[in-house]
Amino acid sequence: MNYQQVIEKTYTKVLAEKNLGSLANYIPELSKIDSKKFGVHISTTDNKEFYTGDSSEKFSIQSVVKVFSLIMAYRLLGRNTWDRVGVEPSGTAFNSLVQLEADKGKPRNPFINSGALVICDMLISNLQNPKQEFLNFINTVSHNSDIQFSQKIISSEKLVGFRNIALCNYIKSYGNIENSPEEVLDLYFTICSIEMSCQELSRASLFLANNGRTLATQEQILNSSQTKRINAIMQTCGFYDESGEFSFKVGLPGKSGVGGGIIAIHPSKYSIAVWSPKLNAKGNSYRGMKFLEQLTTQLQSSIF
Ligand code: GLN
């Protein structure tokens, strides 16, 4: 299959269609992004790369980072991770509070904000310098030291982070946050602000398509059973209350963020990152979803 030809053809087709949706206006700094940006990068397990559009431009990866923070916590805590955060799709919005009362402060999964906050708490309890160690980890999986947090995005999100502040305090009231909510929120906003290009994101997530082993350095990040589990959670929870729709249309495990980025994994074949900043009503990239749907149709390759 000629990946380059297929991505270019699909890219041109999606580009010619309407660019619906809106920017993540609730974070002021994200509302300034050029909504016409559109990039794609595929990295394959046989060490090839294919890309088009704005694939080397950095953007705010936002909730895509929740895959990497989960993996860090999972490496530290193993199966104990699941004592404090579940693995069930929530069927609710990424920033929803509603299930937490019935579930006594245990978030449904690590990819909604509540779950990611608990994961940040685990990192704080178990690491000396979680921010630096987080960057080191991203550096290891992507084999790239040019990846940083954005102070502008952190400050912008802190100014309007009332919902996340409420979530963190609410979980704390059930005893499922060990550290101070301020410290947990600071780490959460910081990791969400990380800026990466499609090229960097696709390379950084390639180990998830390669049984947990990085291609560049052959480092085993997760064992193959743990890798399957992370992919399973991406499949069932990666797109909040649109996770079923993404499975239905794209047929790959994936994760989105309100910066308009999406990563998707085809186990044993490739990892792909797509970026287009306009979001649909569920907070997932409008063009990103379209592109991936058409791509897996063209490639006739989904995991099903
Ligand atoms: N930082 C964003 C928030 O907490 C992340 C949300 C997302 O990308 N879905 O609101």
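Along the sequence shown, residues are numbered consecutively beginning with 1. Indexing begins at 1, ligand by ligand and atom by atom, following the structure's order.
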- prompt: Do any nitrogen or oxygen atoms of Phe94 lie less than 3.5 angstrom from nitrogen or oxygen atoms of ligand 1?
  reply: no

Atoms of ligand 1 close to Asn113 [distance to a heavy atom under 4.0 angstrom, numbered from 1]: 3 (C), 4 (O), 10 (O)

message: Atom NZ of residue position Lys158 - does it have more than 12 heavy atoms of other residues, nucleotides or ligands inside 6.0 Å?
response: yes

- line: For Cys192, the ligand 1 atoms with a heavy-atom partner under 4.0 Å come out as 1 (N)

task: Report the part of Val64 (side chain from C-beta onward, or backbone N, CA, C, O) that has a heavy atom under 4.0 Å from ligand 1; answer both or neither where that applies.
output: neither

statement: Looking only at protein heavy atoms, what sits closest to atom 6 (C) of ligand 1 is Ser63 OG, 3.1 Å

message: Pair Lys131, Asp186 - check salt bridge (charged side-chain N to carboxylate O under 4.0 Å, His left out), show working.
response: CA-CA 10 Å; Lys131 292 182 191 174; Asp186 179 53; 2.7 Å; yes

query: N/O of Tyr188 under 3.5 Å from N/O of ligand 1, yes or no?
result: yes

query: Looking only at heavy atoms, is any part of Glu157 under 4.0 Å from ligand 1, and if so is it the side chain, the backbone, or both, or is it neither?
result: side chain

- prompt: Taking the inter-plane angle between the rings of Phe207 and Phe68 on a 0 to 90° scale, is it parallel (under 30°), tilted (30 to 60°) or perpendicular (over 60°)?
  reply: tilted

- prompt: Is Lys172 salt-bridged to Asp121, going by a charged N under 4.0 Å from an acidic O?
  reply: no

query: Judged by non-hydrogen atoms, does Tyr26 sit under 4.0 Å from ligand 1?
result: yes

- prompt: Taking the six-membered ring of Phe239 as reference, does the NZ or CZ atom of Lys282 fall below 6.0 Å from its centre and within a 45° cone about the axis?
  reply: no

- request: Identify, by atom number and element, the atoms of ligand 1 in contact range of Asn164, meaning under 4.0 Å from any of its heavy atoms.
  value: 3 (C), 4 (O), 10 (O)

field: Gln300 atom CD: more than 12 heavy-atom contacts under 6.0 Å
entry: no

- request: Could you label the plane-to-plane angle of the Tyr26 and Phe94 rings as parallel, tilted or perpendicular, counting under 30° as parallel and over 60° as perpendicular?
  value: tilted

Ring centre gap for Phe50 and Tyr270 strictly below 6.0 Å: no

statement: Quick note on ligand 1: atoms under 4.0 Å from a heavy atom of Gly257 include exactly 8 (O)

- prompt: Any idea which atoms of ligand 1 are less than 4.0 Å away from a heavy-atom of Gln62?
  reply: 1 (N), 2 (C), 5 (C), 8 (O)

